[in-house]
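A short worksheet on the structure shown next.
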Amino acid sequence: MPQSLLIMSMNGTKAREVITIDSSDDEGEQVAAAAASGHKKSPNSSTVSAKKQSQEVIALLDDSSDDDDENPVPKMDRKRKARPCIEDEIIEMESSVNLSMARKPAARKRAAPKNSSVDNNSPVIPFYLFETTSAKPPSAIPNKNRKYFQTLREAIGLDVPNRQIQWLIISNFLVDFRYVYEKLPDVVQIPRVVVFYGSYFGGMDFHQGLMQELIMKNWKAAAERNGNTVDFIRLVPGDPPKSKTNPLPVKITYGCHHTKLFLTGFDDQVSSEGGRGSTRQSMIRVVVHTANLGASDVEYQTNGFYAQNFPLKKKTVEQRSSIVNPYKIATKGGGVDSTSAAAKSTCSFENDLAEYLESYNYNTLQSWCAPTLGGSMDIREARLKRFGQGSSSTAYPLQQAVNTKDTSRILTSQELSLADLIRQYDYSSAYAVLIPSVPGYHTGMAIKKYGYLKLRQEIIDVFPSIQSLGEKKKKKPPMVCQISSLGSLSEKWLRKFCSALDYTSTHHTNPLDDNCMSTKPFQSLVKIIWPTTDEIRNSVEGVEGGGSVPGRESNLQKSFLKPLYHRWSKRDSRKDPFLTARHVPHIKTIVQPSPSFGNDRSIEWLLLSSHNLSKAAWGQVQNNKRSGGKDCFISHWELGVMFSPATLLEVCGMTKPVRILPIGYDAAQVNGTISLCDDGDDDDGSSDFINVRVPLPYDVHMPDAYDGRDEYWTVN
């Protein structure tokens, strides 16, 4: 039965019908959404008891449901204050947009983002932290550490002078469309937007779910009125195969879309070759991050992101830059002058990204930029004419036909699929390696393309020869795994996982062999950073913030795991260089510290990812009954980026070896205490290295192990 939604105006004096929704369809959608949704309290939720809320929340799926887990775990969101009616906010917003057709928001009084593809005036920053409430100026964070924080808008690449955003891809697990619309109101002005999501916040609450649906409808309508398009694509591996919400050939009951990714296509004004004048250049910004799109994740919890800009490819292969990634050349091509390796290096990042997106099966052919003048007028121009607004009034001027003699590299209006669009850009300067997971049963050559076997292959590329390790082989410290959810792990799976990522032994182990794994004590293989109950209770969000760390008692209480647990923060509260100790850790990292020689506290490799520690995220090697061989079964869509000194060598100039150093916690232990190292101290006595600093928000070298006072946090 169709049902009208009545919403009060801002003065509260008059009800108005805004949209008609078929409640029968929505009820079915709500049931499906509940399987992968987080809970957001409605504005009037103060009348709901905490006990009732907890019962509702316990029925929701957590960030890393395992393939053999049956009972879902909660995902909570921060309490939010009551606001005026969202419909009035949208109407007011759309009115201002339609009147001015301003294609860019007013410039904010902030410095432009610091992370261009290569910043020649400062060392490269491999990844950033989202700016939390504690990091917002004024705060106690030293000025030298502020450069490691950016806002959501800066991460995406908005608010840059003279930048024209042409298209935007949003890919996430949980999306609060209300929050997105509030923080990115100008998103309706972008010509092409595609949102891939697992679910939206509030799926267990009918009113909140209805509001999310309403915002999506209004967003779509507002975009179309501006001559633009937005597509919302929900991805649920547990739905029937090859359906609207599951593009996979199989149904994966406990799978989910857990990736966090932004892709921003834009045109920038850049200096012409030779320094004479400027020209426009189309670029893509790739942002791999760890935050769900909601206020709690972005502003109140610790999350990180990698962001790098890449230019459009030159028209011919001969015109392309000769810059390639020496990491790929030296390890895959068999020699520095290998042209085949150089060819691989320019497309490895591209192939990984394009093939990952192809798994979404989003093959709509469309133009991804504002149309060119000349030729027939397209639907966008027609719509603008219909509403009495010509292209001359927009701040996104229609592109002039490209002059064949012009040095500009501008994306044309040719209709492309998403994967083909991604392949228009040149990723040869990438200083990270993509580590994707795609749901399914991966066999043959594809078995090494996803999950932990992909990460293993990249580690082997960093350390191509076991003989070259020398003393590193004897003194390798345990790998550090910092995650926000822990799946139902077996001792055997964890051993195989750690053995595959151990650079001292992975060359001699076969991950496809069931019995081939390290026999070392677990404590020499891995440390797990997991927050204590007190750390969650004392966080800025309190216990409610713990819903973003959905560990279950049944998963955490296993005897082989307990000796591995280490605190998120230091017991000495003075050792908190980024003020992250009281912000719930939703960031996910895996780090291999370097052996300690003297005062060296560097890192061999680092992963920033959406992956938690679970079979569902990383995969499990198993027997394939059909082929009689092996396959790697993965339940989730995930995406991460891996850094090492080898991958960073090119961007740092290739003049000296690169060393990755964490900030704040990396100095040597002297007389039983840690002497913190400042950002400016890293060059003292280190002239033989180029030091790249990373803002790891915990002590990777000497985290505090649990003692009798500590109790691991669980949502139970």
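All values derive from a computational prediction rather than experimental measurement.
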Is the distance from the ring center of Phe130 to that of Tyr300 below 6.0 Å?
no
Taking every heavy atom of Leu607 against every heavy atom of Gly640, the minimum-distance pair comes out as CD1-C, 4.4 Å
Ser296 and Gln301: side-chain donor and acceptor closer than 3.5 Å?
yes
What distance separates Trp605 CH2 from Leu455 CG, expressed to the nearest 0.5 Å?
5.0 Å
Do the side chains of Ile603 and Gln592 get nearer than 4.5 Å, heavy atoms only?
no
Could you tell me whether the side chain of Trp713 reaches within less than 4.5 Å of the side chain of Glu535, counting heavy atoms only?
no
Point-to-point distance, once rounded to the nearest 0.5 Å, from CG of Leu649 to CD1 of Ile690
7.5 Å
Ile252 side chain reached by His636 side chain, heavy atoms, under 4.5 Å:
no
Are Thr302 and His586 packed together at the side-chain level, in the sense that at least one heavy-atom pair is separated by less than 4.5 angstrom?
no
Donor-acceptor pair, distance only, cut-off 3.5 Å: does the side chain of Ser524 make one with the backbone of Lys520?
no
Could you measure the distance from the OG atom of Ser554 to the CG atom of Asn716? Nearest 0.5 Å is fine.
7.0 Å
About how many Å separate CG of Asp514 and SG of Cys516, when rounded to the nearest 0.5 Å?
10.0 Å
Any donor-acceptor pair under 3.5 Å linking the side chain of Asn538 with the backbone of Asp534?
yes
Flag side-chain contact, heavy atom, 4.5 Å: Pro585 against Gln482
yes
So, using salt bridge (charged side-chain N to carboxylate O under 4.0 Å, His left out) as the criterion, who are the partners of Asp710 when residues are at least two apart?
Arg567, Arg571
Minimum heavy-atom separation for Trp530 to Ser485, with atom names?
CZ3-N, 3.6 Å
Does Tyr452 have any ring pair (Phe, Tyr, Trp, His ring centres under 6.0 Å) partners at least two apart in sequence or in another chain, and if so, which?
Phe497
How many angstroms lie between atom CG of Leu606 and atom OG of Ser644, to the nearest 0.5 angstrom?
10.0 Å
Arg456 vs Asp461, salt bridge (Lys or Arg N to Asp or Glu O under 4.0 Å): CA-CA, chis, key distance, verdict
CA-CA 9 Å; Arg456 173 183 180 264; Asp461 286 350; over 6 Å; no
Please examine the side chains of Asn172 and Leu261, heavy atoms only from C-beta on, and report whether any two atoms are closer than 4.5 Å.
no
Main-chain N/O of Gly294 paired to Asn292 side chain as donor or acceptor, under 3.5 Å
no
Is there a donor-acceptor contact under 3.5 Å from the side chain of Trp568 to the main chain of Pro697?
no
Run the side chain to side chain contact (heavy atoms under 4.5 Å, CB included) test against Ser437 and tell me which residues pass, sequence neighbours left out.
His611, Ile634, Glu638
Using side-chain heavy atoms (C-beta onward) and a distance below 4.5 Å, is Leu639 in contact with Ile435?
no
Say whether Asn612 and Ser484, considering side chains only, have a donor N or O and an acceptor N or O under 3.5 Å apart.
yes
Tyr360: which residues meet the ring pair (Phe, Tyr, Trp, His ring centres under 6.0 Å) condition with it, sequence neighbours left out?
Phe196, His257, Tyr356, Trp637
Lys/Arg N to Asp/Glu carboxylate O, Asp572 vs Lys570, below 4.0 Å:
no
With sequence neighbours left out, which residue pairs that include part of residues 430-453 fulfil the salt bridge (charged side-chain N to carboxylate O under 4.0 Å, His left out) condition?
Glu355-Lys449
May I ask you to say whether Asp688 pairs ionically with Arg659, meaning some side-chain N is under 4.0 Å from a carboxylate O?
no
Are a donor atom and an acceptor atom from the side chains of Thr290 and Asn303 found within less than 3.5 Å of each other?
yes
Minimal non-hydrogen separation, Pro577 against Ile663, with atom names:
CG-O, 4.0 Å
Ser429 and Glu650: side-chain donor and acceptor closer than 3.5 Å?
no
Donor-acceptor contact below 3.5 Å, side chain Arg495 vs main chain Met517
no
Could you check Leu357 against Leu263 for side-chain contact (heavy atoms from CB on, under 4.5 Å), going step by step and ending with a plain yes or no?
CA-CA 11 Å; Leu357 293 172; Leu263 299 173; 3.7 Å; yes
Verify whether the ring centers belonging to His289 and Phe262 lie closer than 6.0 Å.
yes
Which heavy atom of Val287 sits nearest a heavy atom of Ala155, and at what distance?
CG2-O, 3.3 Å
I'd like to know if the side chain of Ser539 pairs up with that of Arg582 as donor and acceptor (distance under 3.5 Å, no hydrogens or angles considered).
no
Main chain of Leu512, side chain of Asn510: is a donor-acceptor contact present, judged purely on distance under 3.5 Å?
yes
Output the distance between atom OG1 (Thr532) and atom NE2 (His566), rounded to the nearest 0.5 Å.
13.5 Å
Would you say Ser635's side chain and Gly255's backbone share a donor-acceptor pair under 3.5 angstrom?
no
Check side chain to side chain donor-acceptor pair (under 3.5 Å) between His442 and all other residues, then give those that pass, not counting sequence neighbours.
none
Does the Ser490 side chain pair with the main chain of Trp493, one donor and one acceptor, at a distance under 3.5 Å?
yes
Decide yes or no for Glu604 and Phe463: does some side-chain heavy atom of the first lie under 4.5 Å from some side-chain heavy atom of the second?
yes
Return the minimal non-hydrogen interatomic distance between Leu556 and Leu561, and the atom names on each side.
O-CB, 4.5 Å
Kindly determine whether Lys454 and Leu434 satisfy side-chain contact (heavy atoms from CB on, under 4.5 Å), including the steps that lead there.
CA-CA 9 Å; Lys454 165 68 171 177; Leu434 291 175; 5.9 Å; no
Answer with yes or no after comparing the ring centroid distance for Tyr128 and Phe305 against a 6.0 Å cut-off, counting only values under it.
yes
Tell me the closest heavy-atom pair linking Lys476 and Met479, and the distance in Å.
NZ-N, 4.3 Å
Aromatic ring proximity Phe560/Phe522, centre distance under 6.0 Å:
yes
Quick one about Asn624 and Lys630 (side-chain donor to acceptor, distance below 3.5 Å, no hydrogens or angles considered), yes or no?
no
